[in-house]
Amino acid sequence: MDGPSDPLSPEITPEETFLNRRFFLKAGIWAGSTLATAGLYQTFKPAPAVKNTGREIGTVAEPPLPGAIAVGETPNRFEDIAGYNNFYEFSTNKSAVASRAQSLQTTPWTLQVGGLVEHPLSLSLEDILGFEAVQRIYRFRCVEGWSMVIPWVGFPLAKLLSLAVPTDQATHVAFESYYDRQQMPHSLFAGIAFPYLEGLRLDEALHPLTLMATGLYGKTLPNQNGAPVRLVVPWKYGFKSIKSVVKITLTDHQPTTTWNRANAREYGFYSNVNPTVNHPRWSQAYERRIGETDLRPTLMFNGYADQVAHLYTGMNLRQNF
Ligand SMILES: Nc1nc2c(c(=O)[nH]1)N[C@H]1C(S)=C(S)[C@@H](COP(=O)(O)O)O[C@H]1N2
Ligand SMILES: [Mo]
């Protein structure tokens with residue numbers, strides 16, 4: 001990726017990213033990772049390459065973006081992030097996803113960017129991992145009421161969209177996950193339709209906080225977290241952060257989304273984290289950080305109000321939930 005790098009973020013050069021990840025894949029450490037090999041990985045030295053900063057990924061140094069993480073919030077352990085997952089294609093049981101998702105084939109991979117764009121793109125896995133990577137430590141809150149702090153590695157979705165050049169007609173962005181019934185036989189019992197679909201308004205998609213994640217803790221993404229590339233929108237409930245993305249389509253209308261289609265009364269298109277608007281069946285005012293026992297108050301826009309509240313000026317957030 002050319003153009004100026006993000007001056008606020010620790011970064012990996014494209015070459016380092018590519019070479020290191022190639023090495024990990026070749027070594028088979030991440031290609032077939034399970035929680036057991038995750039433990040193995042942590043004894044692996046040298047640590048993942050994050051140059052130019054003198055810091056190792058996984059340590060909180062300074063906010064990558066103003067307000068992106070509150071002082072004192074430590075990232076969750078890798079084992080929690082990679083062991084407690086929602087990925088309905090594989091299982092509706094959060095602790096069963098990690099082992100089941102090992103059947104996901106991520107090579108070869110193609111990510112298509114099309115629809116209302118000047119330059120449709122068809123990206124290979126090497127293209128995707130070749131984007132200049134930044135580290136972003138984000139709060140991540142599931143609509144179910146749990147939360148984590150996750151040190152993602154990825155690139156802003158805006159960089160990808162700027163390469164494709166949305167046309168003047170484009171107002172929204174639709175996302176689609178990979179789906180293959182052979183690799184995902186338990187998807188038949190999930191109770192939702194596949195492929196998994198998500199969507200954003202174009203201005204939300206272009207926001208600098210919106211990330212295409214290719215890794216976490218300085219390593220390529222574990223399958224269960226949405227390998228090889230997934231969306232991360234930190235001010236929205238976790239289900240908006242669609243995994244294992246194969247298709248991005250610019251549209252002139254609000255796209256269909258999986259959870260809105262499954263239950264429109266409970267899941268709106270916007271799904272912004274909002275402690276003042278409860279889910280019809282439970283409060284959204286508090287959350288349990290994985291690894292903690294006391295509840296924390298949930299913050300407006302998940303704590304990113306200073307960065308994103310302007311996107312919703314004048315909107316009734318009770319109606320547009
Ligand atoms: N394709 C796909 N993407 C998905 C889901 C899913 O079931 N399938 N679950 C969503 C939900 S509900 C959450 S909370 C997050 C979980 O991400 P994590 O397992 O990396 O924490 O992924 C989201 N993305
Ligand atoms: Mo979720």
Side-chain angles (χ1 to χ4, degrees), residues 33 35 38 75-101 104 106 109 111 136-154 174-181 183-184 186-200 211-217 219-248 256-263 266-268 271-273 279 281-282 284 287-291 298 302:
S33 75
L35 288 178
N76 279 86
R77 299 180 316 141
F78 177 86
E79 287 76 6
D80 290 335
I81 298 169
Y84 189 81
N85 305 100
N86 273 330
F87 202 163
Y88 274 37
E89 286 86 335
F90 294 101
S91 178
T92 54
N93 172 351
K94 279 182 264 299
S95 47
V97 169
S99 64
R100 292 252 185 89
L104 174 65
T106 57
W109 194 265
L111 170 59
R136 294 282 172 76
I137 302 158
Y138 283 160
R139 289 192 200 89
F140 188 79
R141 190 197 188 281
C142 178
V143 74
E144 296 163 343
W146 51 268
S147 67
M148 294 202 209
V149 172
I150 304 182
W152 300 108
V153 176
F175 302 85
E176 187 177 317
S177 288
Y178 182 72
Y179 183 57
D180 173 22
R181 212 185 276 181
Q183 291 178 41
M184 301 158 164
H186 295 91
S187 64
L188 297 176
F189 310 106
I192 56 174
F194 296 106
Y196 194 98
L197 303 175
E198 258 308 333
L200 295 172
L211 205 66
M212 294 303 287
T214 51
L216 57 85
Y217 268 117
K219 304 155 197 162
T220 49
L221 276 182
N223 285 356
Q224 57 269 32
N225 294 97
V229 62
R230 61 91 61 85
L231 182 70
V232 178
V233 193
W235 70 94
K236 293 178 182 279
Y237 291 115
F239 64 85
K240 299 293 287 183
S241 293
I242 182 174
K243 295 178 170 181
S244 305
V245 178
V246 290
K247 207 169 171 189
I248 298 177
T256 300
T257 64
T258 288
W259 287 103
N260 182 250
R261 178 175 59 187
N263 191 338
E266 299 193 359
Y267 307 106
S271 301
N272 292 318
V273 173
H279 184 279
R281 288 185 285 133
W282 59 81
Q284 292 291 27
E287 67 200 55
R288 189 176 65 85
R289 179 69 47 83
I290 298 300
T298 286
N302 208 21

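Start at 1 and go down the list; that is how both ligands and their atoms are numbered.
- Below 3.5 Å of separation, one finds no N or O of Trp146 facing any N or O of ligand 1.
- At the top of the distance list for atom 19 (O) of ligand 1, counting protein heavy atoms only, stands Lys243 NZ, 2.6 Å.
- For Glu89, every heavy-atom contact with ligand 1 shorter than 4.0 Å involves the side chain, none the backbone.
- An N or O contact shorter than 3.5 Å links Asn86 to ligand 1 by distance.
- Residues Trp235 and Tyr138 bring no donor and acceptor atom of their side chains to less than 3.5 Å of each other.
- If you check each of Tyr267, Tyr88, Tyr196, Phe140 against atom 10 (C) of ligand 1, the one with the closest non-hydrogen atom is Tyr196.
- Nearest-residue assignment for atom 13 (C) of ligand 1 (options Gly238, Ser187, Ala82, Pro195; heavy-atom criterion): Gly238.
- No close placement of the Tyr88 and His186 rings is indicated, their centers lying 6.0 Å or farther apart.
- Geometric assessment of Lys219 against the ring of Phe78 yields a positive cation-pi assignment under the 6.0 Å and 45° thresholds.
- For the residue pair Lys94/Asn85, the side-chain donor-acceptor check at 3.5 Å is not satisfied.
- Every atom of ligand 1 with a heavy atom of Ser241 under 4.0 Å away is listed here by number and element: 22 (O), 23 (C), 24 (N).
- Residues Asn302 and Arg139 meet the side-chain proximity criterion, which asks for heavy atoms closer than 4.5 Å.
- Not less than 6.0 angstrom separates the ring centroid of Trp259 from the ring centroid of Tyr237.
- Nearest to atom 1 (N) of ligand 1 by heavy-atom distance, out of Ser177, Ser147, Ser91, is Ser177.
- Using 4.0 Å as the threshold, Arg230 has a heavy atom nearer than that to some atom of ligand 1.
- Val143 has its side chain within reach of Phe239: a pair of non-hydrogen atoms, C-beta onward, lies under 4.5 Å apart.
- Checking only distances, Trp259 never comes within under 3.5 Å of ligand 1, N or O to N or O.
- The shortest side-chain heavy-atom distance between Asn76 and Ser147 does not fall under the 4.5 Å cut-off.
- For ligand 1, the atoms lying closer than 4.0 Å to a non-hydrogen atom of Cys142 are 14 (S).
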